[in-house]
Protein chains: 2
Amino acid sequence: MNGRFAISMHILTLLAKAKGEWVTSDFIAGSININPVLVRKEISNLRKKGLVVSREGKNGGTMLAKPATQVRVSDVFLATRQGTVLGSARNSPNPDCPVGRQINRHLDSLYQEAEEALIRNLGTSTLADFVHRFD
Amino acid sequence: MNGRFAISMHILTLLAKAKGEWVTSDFIAGSININPVLVRKEISNLRKKGLVVSREGKNGGTMLAKPATQVRVSDVFLATRQGTVLGSARNSPNPDCPVGRQINRHLDSLYQEAEEALIRNLGTSTLADFVHRFD
DNA sequence: ATTACTGTAATCTATTTAGTTACAGATTTG
DNA sequence: CAAATCTGTAACTAAATAGATTACAGTAAT
C-alpha cells in the first residue's frame with residue numbers, strides 16, 4: 001500500500017468531523033497539504049466505492065455517504081489498495097526450474113492468508129473510532 | 001512491501017532444497033530470472049539478519065544458517081521490509097489544522113497494530129512449511 | 001452573467017525500485 | 001603461483017510508479 005490509504009483516511013476524518021456540511025476539495029487539500037486535484041481523484045475513488053457523496057457547483061463539496069460508525073477501516077483499505085499488500089512486483093521466474101515454476105502460486109496463497117489477517121484486524125475498528133482518537 | 005520479500009523467499013526456498021550445498025548467486029539468479037548482483041544484494045541482507053551464511057571464492061556460495069524449520073516466514077518479512085506495510089509515503093499535513101496536526105500519529109498506531117496482526121499470521125508458518133508446498 | 005465549485009484528461013516531474021557494469025578480494029585447483 | 005570461479009560492493013543507468021500541475025468543460029447558486 002502507498003500513501004493513498006493515508007490520504008483517504010485524512011479525507012474521511014475531515015468529512016466525519018464536518019458532519020452534514022459539504023466540504024470542498026480545496027479545504028481538504030489545505031489540511032493534507034497536497035494538490036486539490038489529487039484530493040478530487042481520491043474522492044472520485046471513494047465515491048465509486050460508496051463511501052462518500054459529492055455535489056457539483058457553487059457551495060458544492062463532499063460528505064460521508066453514511067455515518068462514520070458504519071465505515072470500517074478495512075473498507076477504506078479495500079477501497080484504496082491496488083494489488084496485494086505484500087509483493088506487488090512480480091518476477092517471471094524460470095519455468096524450467098521446479099521452484100521457479102511454482103513459487104508465484106505458493107506466494108499468492110501466502111499473501112492472501114496474510115492479507116486476510118490484516119483485513120480482519122482493520123475490520124475491528126470504524127472510522128468513528130479513528131476520529132475519536134483526535135482531541 | 002515490494003518484490004524483495006518474494007526474492008528472499010525464492011532464495012531461501014532454493015537454499016532449503018539444496019540442504020548442505022553451497023548454492024551460487026548465478027544459479028539462484030537463473031531460477032528467479034533476475035540479475036545475479038541483485039541476488040547477492042539480497043543475500044547480503046539475509047546474511048546480516050543471520051538467516052544465511054556465505055563462502056567466497058571458488059566453489060563458494062550460500063546456504064541456510066539454520067534448519068528451515070527454525071525460520072519463520074515472519075522472520076523473512078521482518079528482514080526485507082522497509083518502513084511500514086501500509087502507507088510509507090508520508091504527507092506533511094498542515095500543522096494549523098487540528099486533524100492535520102495529529103493524523104500522522106494516529107495513522108502510525110493504526111499501522112502498527114495492523115502490522116502486528118500481519119506478522120502474527122506470518123509467524124504461524126516456517127520456511128520448511130513453505131517448501132513443503134512444492135511438488 | 002458571474003462566481004465557486006466538481007470532474008477528468010493530459011502532461012510533466014520527482015521518487016523509488018530494478019538492472020547493469022565494473023572491479024577488488026577470496027578460495028580452490030592444477 | 002597462475003588461472004578459474006566465486007562473493008561483495010560501489011557507482012551508475014534505466015524503468016516503473018507516484019505525485020503534482022495545468023487546463024478546461026460542466027454544474028449550481030446568487
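Below, all heavy atoms of this structure are taken into account, side chains as well, without hydrogens, waters or symmetry copies. Lettering follows sequence order; numbering is per chain, from 1.
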In whole Å, I'd like the distance from the [atom1] atom of [X] to the [atom2] atom of [N].
X     : N      : atom1 : atom2 : answer
A/I7  : D/dG19 : CD1   : C1'   : 8 Å
B/I11 : D/dT7  : CD1   : P     : 11 Å
A/K58 : C/dA1  : NZ    : C1'   : 12 Å
B/L46 : D/dT7  : CG    : C1'   : 15 Å
B/D26 : D/dG8  : CG    : C1'   : 14 Å
A/I28 : C/dA4  : CD1   : P     : 19 Å
A/M63 : C/dT6  : CE    : P     : 12 Å

Point to revise | Any side-chain donor near an acceptor of the partner, A/K49 and A/N45, under 3.5 Å | key: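 Note: A/K49 and A/N45 side chains meet the donor-acceptor criterion.
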Identify, with sequence neighbours excluded, every residue that meets side chain to side chain contact (heavy atoms under 4.5 Å, CB included) alongside [X].
X     : result
A/N35 : A/V37
A/P67 : A/T69, A/Q70
B/A65 : B/V53
B/S8  : B/E42, B/L46, B/V76, B/T80

Point to revise | Nearest-nucleotide comparison on DNA chain D, the residue closer to the 5′ end among A/G57 and A/L38 | key: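 The answer here is A/L38.
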Review point. Can you give one letter per nucleotide of nucleotides 7-15 of chain C, going 5' to 3': B for a protein heavy atom under 4.0 Å from the base, S for sugar-phosphate only, - for none?
Key: BBBB-----
Check your understanding: What pairs of residues pass the ring-ring contact (aromatic ring centres under 6.0 Å, His included) test when at least one of them lies in residues 7-65 of chain B, not counting sequence neighbours?
Key ->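 Passing the test, one end in residues 7-65 of chain B: no pairs.
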**Study point:** Closest-nucleotide ordering on DNA chain C, the 5'-leading residue of A/G61 and B/I34
**Key:**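 That would be A/G61.
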Point to revise | Sequence-distant partners of B/R40, salt bridge (Lys or Arg N to Asp or Glu O under 4.0 Å), two or more places apart | key: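 Expected list: none.
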**Study point:** Sequence-distant partners of A/E113, salt bridge (Lys or Arg N to Asp or Glu O under 4.0 Å), two or more places apart
**Key:**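 With sequence neighbours excluded, A/E113 shows a salt bridge (Lys or Arg N to Asp or Glu O under 4.0 Å) to B/R133, given in chain and number order.
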Check your understanding: Closest to the B/R4 side chain: C/dA18, D/dA29, C/dT27?
Key ->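 My answer, after comparing the listed nucleotides, is C/dA18.
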Exercise for review: Determine the contact category for B/N35: base if any of its heavy atoms lies under 4.0 Å from a base atom, sugar-phosphate if only primed atoms, P, OP1 or OP2 are that close, otherwise nothing.
Suggested key: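 Here B/N35 touches the bases of the nucleic acid.
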Point to revise | Aromatic ring pairing B/H106/A/F134, orientation class (parallel under 30°, perpendicular over 60°, tilted between) | key: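 Perpendicular.
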Review point. Between residues 17-25 of chain B and DNA chain C, which residues have a heavy-atom gap below 4.0 Å?
Key: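 DNA chain C contact set from residues 17-25 of chain B: none.
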